[in-house]
Chemist: 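The following block contains the structure, expressed as structure tokens.
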Amino acid sequence: TTTKGFVEAAAVSDMYEVEAGKIAQERGRSAAVKEFGAMMVKAHTGTSSKLKAILASENTKVTPPAHVDDRRQGMLDNLRGASAADFDNRYLTQQIAAHKEAQVLLRGYAKDGDNKAIKAFAAEILPDVGKHLAEAQKIEASHKSASNH
């Protein structure tokens, strides 16, 4: 619920999403995974810029981290190390987990955060995160049914 904690978590989440999306565009086997990766790069570059602009206008003295944390770095390494056959599944599994985690973060800050402008930002992007989660789940479901035939 602190601005510092939220900003750090949101920034790390965005950086992970952008990097994972770039990897998906390169390594994805299905068009749906490549397109989802491109959508994530665009969406999370946008939310990152918007959050930085709010931080500047609010004079929060909070600086987002410049790099992902060890856990997200491990997830990115896991994607880079995935076999070609396993990549799409691994990416989608990570995306579903990451978007569920982002929903919890955004919902919590939108409700109890200590900065009005950043609370509004969290509330504003929460529905988009839900859409991304649903899309990742839909792609995963179509992959599973395709691999069962």
Side-chain angles (χ1 to χ4, degrees), residues 1-56 60 62-110 113 117-149:
T1 58
T2 68
T3 296
K4 186 178 189 310
F6 174 79
V7 167
E8 285 176 1
V12 165
S13 175
D14 276 342
M15 286 186 286
Y16 157 77
E17 286 295 344
V18 169
E19 193 55 36
K22 288 177 182 171
I23 298 168
Q25 287 175 280
E26 260 172 54
R27 297 207 56 210
R29 291 182 81 178
S30 77
V33 166
K34 288 179 182 286
E35 286 162 20
F36 188 81
M39 184 171 76
M40 290 306 96
V41 171
K42 187 170 184 260
H44 290 277
T45 300
T47 52
S48 211
S49 300
K50 195 181 266 189
L51 182 57
K52 284 176 184 161
I54 294 168
L55 291 173
T60 56
V62 174
T63 308
H67 306 284
V68 294
D69 58 4
D70 289 345
R71 183 168 69 92
R72 295 314 189 308
Q73 187 58 56
M75 291 163 70
L76 293 168
D77 292 344
N78 186 279
L79 287 178
R80 288 191 186 98
S83 68
D86 196 34
F87 180 83
D88 287 8
N89 273 343
R90 201 173 284 192
Y91 176 68
L92 291 167
T93 300
Q94 281 193 13
Q95 285 302 299
I96 291 166
H99 282 85
K100 284 179 179 172
E101 195 176 309
Q103 279 183 320
V104 171
L105 174 73
L106 292 166
R107 203 176 285 127
Y109 196 86
I118 299 172
K119 273 176 82 160
F121 163 81
E124 179 193 328
I125 64 172
L126 187 56
D128 291 338
V129 172
K131 286 179 196 149
H132 297 163
L133 172 60
E135 182 65 21
Q137 288 169 324
K138 193 175 94 188
I139 298 167
E140 185 189 50
S142 72
H143 274 226
K144 280 189 175 149
S145 67
S147 65
N148 289 339
H149 296 301

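The figures here come from the full heavy-atom set of this structure, side chains too, leaving out hydrogens, waters and symmetry mates.
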Chemist: Can you see which heavy atom on L79 is nearest to which on A20, and at what distance?
Modeler: CD1-CB, 3.7 Å
Chemist: Which pair of heavy atoms, one from R90 and one from G81, lies closest together, and at what distance?
Modeler: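 That would be NH1-C, 4.3 Å.
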Chemist: Between E19 and L76 (side chain of the first, backbone of the second, donor and acceptor by atom type, cut-off under 3.5 Å), is there such a pair?
Modeler: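 Looks like no, no N/O pair under 3.5 Å.
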Chemist: Run the numbers on K138 and E135 for side chain to side chain contact (heavy atoms under 4.5 Å, CB included), then give the verdict.
Modeler: CA-CA 5 Å; K138 193 175 94 188; E135 182 65 21; 3.5 Å; yes
Chemist: I need the I54 CD1 to K119 NZ distance, nearest 0.5 Å.
Modeler: 14.0 Å
Chemist: How close do H99 and V129 get, heavy atom to heavy atom, and via which atoms?
Modeler: O-CG1, 3.5 Å
Chemist: Any donor and acceptor pair, going by atom type alone, linking the side chain of D88 with main-chain N or O of S30 inside 3.5 Å?
Modeler: yes
Chemist: If you take all heavy atoms of S48 and D14, which pair is closest and at what distance?
Modeler: N-OD2, 3.2 Å
Chemist: Quick one: does S13's side chain have a donor or acceptor within less than 3.5 Å of a partner on A9's backbone?
Modeler: no
Chemist: Are the side chains of N78 and Q94 in contact, using a 4.5 Å heavy-atom criterion?
Modeler: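 They are in side-chain contact.
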Chemist: Can you classify the ring geometry of F6 versus F121 as parallel (below 30°), tilted (30 to 60°) or perpendicular (above 60°)?
Modeler: perpendicular
Chemist: Please give me the minimum heavy-atom distance between M15 and P65, naming the atom from each residue.
Modeler: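 Nearest pair, atom of M15 first, then P65: CE-O, 3.4 Å.
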Chemist: Considering only NZ, NE, NH1 and NH2 on the basic side and carboxylate oxygens on the acidic side, decide whether E26 and K22 come within less than 4.0 Å.
Modeler: no
Chemist: Please determine whether the number of non-hydrogen atoms from other residues, nucleotides or ligands lying under 6.0 Å from atom CG of D70 exceeds 12.
Modeler: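 Open: at most 12 neighbouring heavy atoms sit under 6.0 Å from CG of D70.
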Chemist: Report the distance from atom CG of L126 to atom NZ of K131, rounding to the nearest 0.5 Å.
Modeler: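 The NZ atom of K131 is 11.0 Å from CG of L126, to the nearest 0.5 Å.
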Chemist: Is it true that the side chains of E17 and Q95 contain a donor and an acceptor less than 3.5 Å apart?
Modeler: yes
Chemist: Answer yes or no: are there more than 12 heavy-atom neighbours, outside K52 itself, under 6.0 Å from its atom NZ?
Modeler: no
Chemist: Supply the atom-to-atom distance R80 CZ to F87 CZ, rounded to the nearest 0.5 angstrom.
Modeler: 10.0 Å
Chemist: If you compare all heavy atoms of V12 against all heavy atoms of V68, which two are closest, and at what distance to 0.1 Å?
Modeler: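 Heavy-atom minimum between the residues: O-CG1, 4.0 Å.
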Chemist: Who passes side-chain contact (heavy atoms from CB on, under 4.5 Å) against T2, sequence neighbours left out?
Modeler: K4, D114
Chemist: To the nearest 0.5 Å, what is the distance between NE2 on H44 and CG on L51?
Modeler: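 Those atoms lie 12.5 Å apart.
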Chemist: Measure the NZ-CD1 distance between K50 and I118 for me, rounded to the nearest 0.5 Å.
Modeler: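 Reported to 0.5 Å precision, the distance equals 13.5 Å.
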Chemist: Is there a side chain to side chain contact (heavy atoms under 4.5 Å, CB included) between H67 and Q73? Walk through the geometry before answering.
Modeler: CA-CA 9 Å; H67 306 284; Q73 187 58 56; over 6 Å; no
Chemist: Rounded at 0.5 Å granularity, tell me how far NE2 in H143 sits from CG in L92.
Modeler: 5.5 Å
Chemist: In a check of side chain to side chain contact (heavy atoms under 4.5 Å, CB included) between Y91 and each of R27, R29, M75, M40, which one passes?
Modeler: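 So, applying the side chain to side chain contact (heavy atoms under 4.5 Å, CB included) to Y91 and each of R27, R29, M75, M40, only M40 qualifies.
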